[in-house]
Protein chains: 2
Amino acid sequence: MKRQKRTTIYDIAQKLSLAASSVSRALSDSNKINAETKALVLKTAAEMNYQQNAMASNLRKGNNPTIGVVVPRINQYFFSNVIAGLEEVTFKQGYNLVICQSNELHAREVEGVNALVNQNVSCIVISIAAEKGSFDHLQQVLDRNIQLIQFDRVVEELETFKVLNNNKQGAYEAVVHLIEQGYRRIALLEGPQELHIFRERKEGYIAALQEYGFPILSELMYANAWTKELGAQATTQLLDLPNPPDAIFASTSDFAALGVLEVANNKGIPTPEALGICGYSNEPFTEITSPSITTIDQFSVEMGRKIGNLHFREMENFSPEGKTKTLNVRPKLIVRNSTLRKLQ
Amino acid sequence: MKRQKRTTIYDIAQKLSLAASSVSRALSDSNKINAETKALVLKTAAEMNYQQNAMASNLRKGNNPTIGVVVPRINQYFFSNVIAGLEEVTFKQGYNLVICQSNELHAREVEGVNALVNQNVSCIVISIAAEKGSFDHLQQVLDRNIQLIQFDRVVEELETFKVLNNNKQGAYEAVVHLIEQGYRRIALLEGPQELHIFRERKEGYIAALQEYGFPILSELMYANAWTKELGAQATTQLLDLPNPPDAIFASTSDFAALGVLEVANNKGIPTPEALGICGYSNEPFTEITSPSITTIDQFSVEMGRKIGNLHFREMENFSPEGKTKTLNVRPKLIVRNSTLRKLQ
DNA sequence: CTGAAAGCGCTTACAG
DNA sequence: CTGAAAGCGCTTACAG
């Protein structure tokens, strides 16, 4: 035994000598019902402690007002913020939010997506796992006419809504800022180039240098430095160059930037005077390091809200040709002490 | 129009000239079905791209394999970790996880809980909002025989499962550590005493002092210092005492401890030599401040896993008299430089 | 092992 | 405005 019997609309109908359909109409606030009857039903329902069975209602109506989310990790600053923003919107609309994490594994992601499809959710929101694999599972979502919204890390080939940070823009602004602060040899810590977000950041770096007439030097671009440890390692090597950089843009993450800072501190290289440091993401800790770290805010909570609003707006005026729109969230440079050697 | 027609078991049955019930048996891997028939059904189902309608199945079976979670904020380090741990377990069991945030508001919490009750979820996991209110909504959950598991911030009067950090133990160990490091006047930053977690931490502080024969001095206990700003303010006042403390235990949070550290740094008071500082929660930033901050780890991911396991274990051997068990997660002191003035 | 039937708790055309 | 009936897509006793 688990549940005790819940009151159903039949229980109410019987008590009031009404038809179940009338009870249903009263509860759903239909206009095809007498005001007095409605009041009576509502009163009785409250007395009998009635709660609608959402599963039955959804089955009959053929839709499930829930949004499913699949992210690599729930407890990562960026993702938990996106989810928080999304929840805000979905809750307001009376929608549920079901959450899965892929742990960066493709197989886990597939399982999660399939579970959501079985639930007949009205929308799936996803940021794909780092582990590569086919995207049949996502194609399946589209085939079933379930809305699919990709964000941040997306499968580019797939024609779906995409909500992205304008990574090129963010990187571009960071590098322009460094140039304006008088840095002349700006190194780049790159992320894995299979992920488009890292390719775009590299493009932004190059665009800024070109615009200001600086050379693009391969010796100053360091591949695959997307953890604190790899950032530190990259920094050690870069600073050992015959002609070392005077600024390092850790385009991968603030964690990499933290690795840069630690190496600089250990070597007694003063920041920002001799070495400028810029990260990416505006993790909370960047504010409290010494010196505080310049970085790029991605407006993650706002991004979550945008995703939610996109879904609900599209539900209203559904236009097939509008299915592949890309929404860009414009990131913002947060200037802090690690790059500030001129007064602003 | 939203969804196109999905294949149902009737479509499969028709194609194979079978009864729907046989198709159902084959798909649910029943033993009351011929092996050949089963293989044929499975093959055909795959060809026809069949996906079970979870709503129909759940409705018929009278249960919904999902767990609902209500927390003050999804994007808070502690809570997102608990959710991550919980998701790990629920996913393994093929359960869904539905998430609501109360934003610390009682009314929002009530709405969230009711939505989950309507869904007929099999378990609700909750950490209550700071805003006080009645707990009729939680009583309602129990009345409907839905399992209720409270964690961290709980309604003590309510007889439910509770998963708690052993806050008294954590605080006790921190203060003992401070005493062993030679600190003699240890101040306490308290949280709001309406919340039991903060009362318990105070008890741990007092117990440690008593055990070592130290006086309990009200001048060294500072109420309501649970943000960085309030922590800083408290520190300024404490250090202005005629006989100031030589250590401050910010029992409320690491953020308060950060406030303490900043005031100490600004006043040129060396940490840990002249002032020991200990926080609570092991936020990521405590590792990277200068000096790094001693704190208490709450094993939040592990706590989430414990909650999940509790639910699934109890489902099996359901014993009414075991319904009010309390599980304590033992916290762990993380010793860092902010309190380390002796070699260990 | 297979089929026919009932029913989970709703909603919604269809009559009146 | 109200009722009787059908049906959403499954599962599961009940016969055979």
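So you know, we letter chains A, B, ... as the sequences are listed, proteins then strands, and number each from 1. In this text, all values refer to a predicted model and were calculated from it rather than measured experimentally.
- Residues satisfying the side-chain hydrogen bond (donor to acceptor under 3.5 Å, both in side chains) criterion with B:Gln139, sequence neighbours excluded, are B:Asp143.
- Distance from the side chain of B:Ala56 is smallest to D:dG9 among C:dT12, D:dT2, D:dG9.
- Evaluation of the side-chain hydrogen bond (donor to acceptor under 3.5 Å, both in side chains) rule for B:Asn114 yields no partner, not counting sequence neighbours.
- Residues of residues 42-52 of chain B that place a heavy atom closer than 4.0 Å to DNA chain D, in numerical order, are B:Tyr50, B:Gln52.
- Remark: A:Glu104 CD is packed, more than 12 non-hydrogen atoms of other residues, nucleotides or ligands lying under 6.0 Å away.
- Between A:Phe79 and A:Phe151, the ring planes lie perpendicular to each other; the angle is over 60°, past the 30° to 60° tilted range.
- At whole-Å resolution of the value, CG in B:Leu59 and P in D:dC10 are 12 Å apart.
- Put simply, CG on B:Asn58 is 16 Å from C1' on D:dT12, counting in whole angstrom units.
- Here D:dT2 presents its C1' atom at 14 Å from CD of A:Glu36, a figure rounded to the nearest Å.
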Review item, side-chain donor-acceptor pairs of residues 82-90 of chain A, under 3.5 Å, at least two apart:
unit_1: A:Glu87; atom_1: OE1; unit_2: B:Gln101; atom_2: NE2; d: 3.2
unit_1: A:Glu87; atom_1: OE1; unit_2: B:Arg108; atom_2: NH2; d: 3.0
unit_1: A:Glu87; atom_1: OE2; unit_2: B:Gln101; atom_2: N; d: 2.9
unit_1: A:Glu87; atom_1: OE2; unit_2: B:Arg108; atom_2: NH1; d: 3.3
unit_1: A:Glu88; atom_1: OE1; unit_2: A:Arg305; atom_2: NE; d: 3.4
unit_1: A:Glu88; atom_1: OE2; unit_2: A:Arg305; atom_2: NE; d: 2.9
unit_1: A:Thr90; atom_1: OG1; unit_2: A:Leu86; atom_2: O; d: 3.2
unit_1: A:Thr90; atom_1: OG1; unit_2: A:Glu87; atom_2: O; d: 3.1

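- Counting to the nearest Å, the P atom of C:dG9 and the CZ atom of A:Arg6 are 9 Å from each other.
- Residue pairs meeting the ring-ring contact (aromatic ring centres under 6.0 Å, His included) criterion with at least one partner in residues 114-150 of chain B, sequence neighbours excluded, are B:His106-B:His137.
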### Summary
Under the rule of Watson-Crick or G-U wobble with both distances under 3.5 Å, where | means paired to another strand and [ ] a crossing pair, DNA chain C maps to |||.||||||||.|||
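- The side chain to side chain contact (heavy atoms under 4.5 Å, CB included) test with B:Ser127 is passed by exactly one of B:Arg73, B:Glu109, B:Arg153: B:Arg153.
- To the nearest 0.5 Å, atoms CD1 (A:Ile9) and CG (A:Leu18) are separated by 11.0 Å.
- For B:Asp11 (side chain) and B:Thr8 (main-chain N/O), a donor-acceptor pair under 3.5 Å exists by modelled atom type.
- Judged as a side-chain hydrogen bond (donor to acceptor under 3.5 Å, both in side chains), and not counting sequence neighbours, the contacts of A:Gln150 are A:Thr160.
- One can place CG of B:Asn31 at 8 Å from P of C:dC1, the figure rounded to the nearest angstrom.
- Atom CD1 in A:Ile33 sits roughly 14 Å away from atom P in C:dT12 (whole-Å rounding).
- For the segment residues 8-21 of chain B, residues with any heavy atom less than 4.0 angstrom from an atom of DNA chain D are, sorted by number, B:Thr8, B:Ile9, B:Tyr10, B:Ser21.
- A distance of 8.5 Å separates CD in A:Glu156 from CG in A:Leu164, rounded to the nearest 0.5 Å.
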Between N or O atoms, less than 3.5 Å apart, protein on one side and nucleotides 14-16 of chain D on the other: list the pairs.
none

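- Rounded to whole Å, the distance from CZ on B:Arg144 to C1' on C:dG9 is 14 Å.
- Take A:Lys15 and apply the salt bridge (Lys or Arg N to Asp or Glu O under 4.0 Å) test, not counting sequence neighbours, and it matches no residue.
- Evaluation of the salt bridge (charged side-chain N to carboxylate O under 4.0 Å, His left out) test over residues 42-59 of chain B, restricted to residues two or more places apart or in two chains, returns B:Lys43-B:Glu47.
- Distance CG (A:Asn63) to P (C:dT12): 10 Å, rounded to an integer number of Å.
- Residues passing the side-chain hydrogen bond (donor to acceptor under 3.5 Å, both in side chains) test with A:Glu36: none are found, sequence neighbours excluded.
- Nearest-nucleotide assignment on DNA chain C puts the 5′-proximal partner with B:Ser22, out of B:Ser22 and B:Lys61.
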